[in-house]
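Reviewing the structure listed below.
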There are 4 protein chains.
Amino acid sequence: MSPRTTNQVKKIREERIEEIMNSALEVFAENGYLSSSISKVAQHAGISKGLLYNYFKSKDELVKEIIVKGLNSLIKDVKLHENITISEDQFVFFVHRSFKSIQSNLKFWKLYYNLIMQPPVLALIADDIWQYVMPFMNILINYYTKKGVENPEAEARALIAMLDGVGLDYISDPKNFPINEVEKIIIKKFK
Amino acid sequence: MSPRTTNQVKKIREERIEEIMNSALEVFAENGYLSSSISKVAQHAGISKGLLYNYFKSKDELVKEIIVKGLNSLIKDVKLHENITISEDQFVFFVHRSFKSIQSNLKFWKLYYNLIMQPPVLALIADDIWQYVMPFMNILINYYTKKGVENPEAEARALIAMLDGVGLDYISDPKNFPINEVEKIIIKKFK
Amino acid sequence: MSPRTTNQVKKIREERIEEIMNSALEVFAENGYLSSSISKVAQHAGISKGLLYNYFKSKDELVKEIIVKGLNSLIKDVKLHENITISEDQFVFFVHRSFKSIQSNLKFWKLYYNLIMQPPVLALIADDIWQYVMPFMNILINYYTKKGVENPEAEARALIAMLDGVGLDYISDPKNFPINEVEKIIIKKFK
Amino acid sequence: MSPRTTNQVKKIREERIEEIMNSALEVFAENGYLSSSISKVAQHAGISKGLLYNYFKSKDELVKEIIVKGLNSLIKDVKLHENITISEDQFVFFVHRSFKSIQSNLKFWKLYYNLIMQPPVLALIADDIWQYVMPFMNILINYYTKKGVENPEAEARALIAMLDGVGLDYISDPKNFPINEVEKIIIKKFK
DNA sequence: CATGAATGAGAGTTCATTCAT
DNA sequence: AATGAATGAACTCTCATTCAT
């Protein structure tokens, strides 16, 4: 019956935050950010609106933290953050991991595309996104420069657009989009 | 003193509808559909809220008419609606026209991608979009089948995703996206 | 091709006013006064809103004129306005005519009851109604006084309430209300 | 510091609902349903518009609950719901209670008659009303059948019309309507 | 005489956020 | 830590009325 230590309290708090974020992600992904009320989010998480504001100081902050967490997790997944030059195998691995991420984090990507398409909301996360995309871009430019293609930057931009388009189309219709076959085609064309 | 003729009235009506749709497109493209109030749209068009509702039954109907008009204009531009099989030249022409459309109708495409990423709003236009995409898809599958590629449907899906991705990335940063170079790369890879 | 005389013009105007009032009565009776927009009324009459305001200076004035016209017509029907004392036969005739009026002017009575139940609208016509009801009341009190009933005023009030109630119930469900049988019962009880 | 208990919250909620319904009844009875804005209702209740919507889904739902509550209260008052056949004493009691109800729930009846005379609003409550009126009707038909009157259904309809008419006339001018005398007359005539 | 484009005030409703408990 | 009552601003939409033509 000893009082909880500061650490215990902190851990409980973090777990609760985690739960709320996961729950909110589901609501946002399903209905879109702007169309999801805080009431719905709190209800889906099984808590009161008041308590939600105890953990997040606004709706915007809540979604921002969800996005930051998702991007960090993605960076960890594709394992590109350490290198500046990559081999062809690493390139293939990167593309493959990107495809896997879309499939295993469907809800996150639904929210992601929902947000970046809404200018006033995008403003909240634009910086975070650039911090994540820029290193990729540089690695890819580097990769294509070494391969000696005509216009490495355009080639990198094209690949990133390709991945964005796959994301967009896959989340719109995950059941029918032939994602594995499309992956093969892309690797063949862009390798 | 004499009342306006039917033709005069009709002309005023058509002009106003045109004005409102153009004005609304600008506001919607800039701020996103959900974040744009009818007040803002009316103000931007220089008219009262009430008058807007004289011409459009609802905000939803307004945006739907904008989208339908834009899609029809696109179909006319790419000139694919008559054929079922296309030559390589026609393919190149189609991709080229798609790229031109993105550049010349930037606002429309901003709105388009804004809408399809918002589940409750997408419902309004999903049918119209499918009516437009399906024929393209079939023509492309047909094209790749004739070319003898391994998986024509996946190849077609990949191309459409590619175009979607270019649209997405271009509208996010039109000044820096090397759209002409990317066009060349895509034509080379997907032709 | 001679220009129309002032009288012709006046007659045309009156006919038009008549048409509009009849048309408006239909709309008001069907949907209720407050729920009927001027647009609907004008559309149903086959004219423009502007023209309607040429004949009636407001929605309130339009409905007021409809009511006044209906009440005058009722007074003419029951033919009680000249007498102050009536015989039993005249009493029966009066009740009978009241019942006939309800049936033949169903729409008018629908509107009438709709209006008197809405305080802010009732204010428009309250005076007219009292001018019409008061003479009836006096005649009835006189009638019951001569018959030697215990409380002539209450008896008169009860009869008028009875007629009001029949009106109310009949217009609510004209097909099933046994109006002729009810008439017989009332005459027997109140004669 | 401690959060409110579930019971405290429930009590606040019930009290607020009661307050709002009473306050709304006053406003609706005074001005009519359609002419009463939610702003007015909230203001009269001393709360914000937003809070009203915390307790009632819509203006329509609010008025519907007021009507249902009033009808239930009436059913309890006249105590007819258990029997199918009634004695003359019970009949007199029923009429008497109906008269008492009109006097003690004047505002409710003002609203009631206001609503049933407005076609689009009547639709909201028509079912509830029929559920209440039908049993009365059957009991009365039964009563008059046993008494051996010529046309029991018409007799019952006439009585109900009579009561409706009294209601109508009493609420229009409660101070001058001789309700107690009228009650005696009706009981004598319809018993 | 006749039109309907145009307005502006106000309607019902939603919702992020605050705060007493 | 936890609740949901409470607010107020902003939202979409309606409509009686006016007025240029």
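Naming: A, B, ... by sequence-line order, numbering from 1 per chain. Hydrogens, waters and symmetry mates play no part in the numbers below; they use all other heavy atoms, side chains included.
- Going from atom CD of B:Gln8 over to atom P of E:dA6 covers 13 Å, rounded to whole Å.
- Look at CD on A:Gln43: it is 14 Å from C1' on F:dT3, rounded to the nearest Å.
- Atom CD in D:Glu14 sits roughly 15 Å away from atom C1' in F:dA5 (whole-Å rounding).
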What side-chain donor-acceptor pairs closer than 3.5 Å can you find for residues 46-53 of chain C, not counting sequence neighbours?
{"residue": "C:Ser48", "atom": "OG", "partner": "C:Leu51", "partner atom": "N", "Å": "3.2"}

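- The salt bridge (charged side-chain N to carboxylate O under 4.0 Å, His left out) contacts involving residues 105-116 of chain C comprise C:Glu26-C:Lys107, where partners must be two or more places apart or lie in separate chains.
- Considering only residues two or more places apart in sequence or on other chains, B:Glu19 meets the side chain to side chain donor-acceptor pair (under 3.5 Å) condition with B:Arg16.
- Side chain of C:Lys59 to main chain of C:Ser36: a donor-acceptor pair is present (N/O by atom type, distance under 3.5 Å, no hydrogens or angles).
- Every residue was checked against the salt bridge (charged side-chain N to carboxylate O under 4.0 Å, His left out) condition with A:Lys10, not counting sequence neighbours, and none meets it.
- Stem regions for DNA chain E, each three or more consecutive Watson-Crick or G-U pairs with both distances under 3.5 Å and listed by first number, read E:2-21 with F:2-21.
- Qualifying side chain to side chain donor-acceptor pair (under 3.5 Å) partners for B:Tyr55, counting only residues two or more places apart in sequence or in other chains: none.
- Listed pair C:Arg16 / E:dA2 meets the phosphate criterion, a side-chain N or O lying under 4.0 Å from OP1 or OP2.
- In this entry the distance linking CD1 of A:Ile47 with C1' of F:dA1 reads 11 Å, nearest Å.
- With rounding to whole Å, D:Ile17 atom CD1 is found 14 Å from F:dG4 atom P.
- The CD1-C1' distance, from C:Ile12 to E:dA2, rounds to 14 Å in whole Å.
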Contact pattern, 5' to 3', of nucleotides 12-17 of chain F - B, S or - by protein heavy atom under 4.0 Å | SBBBSB
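- The closest donor-acceptor contact from the side chain of D:Asn114 to the backbone of D:Tyr33 lies under 3.5 Å.
- Across the protein-nucleic acid pair, B:Ile20 atom CD1 and E:dA5 atom P stand 11 Å apart, rounded to whole Å.
- Remark: D:Ser172 engages no residue in a side chain to side chain donor-acceptor pair (under 3.5 Å) (not counting sequence neighbours).
- A close approach under 4.0 Å does occur between a side-chain nitrogen or oxygen of D:Arg13 and OP1 or OP2 of F:dA5.
- For E:dC1, one of the phosphate oxygens OP1 or OP2 lies less than 4.0 angstrom from a side-chain nitrogen or oxygen of C:Asn54.
- Heavy atoms of A:Tyr55 sit under 4.0 angstrom from primed sugar atoms or phosphate atoms, though from no base atom.
- Residue-to-nucleotide proximity on DNA chain E shows that, of B:Gly46 and D:Lys40, the 5′-proximal contact is made by B:Gly46.
- A salt bridge (charged side-chain N to carboxylate O under 4.0 Å, His left out) check over residues 60-73 of chain D, counting only residues at least two apart or in different chains, returns the pairs D:Glu18-D:Lys69, D:Lys57-D:Glu61, D:Lys64-D:Asp128.
- Computed from coordinates, the B:Asn7 CG to F:dT21 P distance equals 18 Å when rounded to whole Å.
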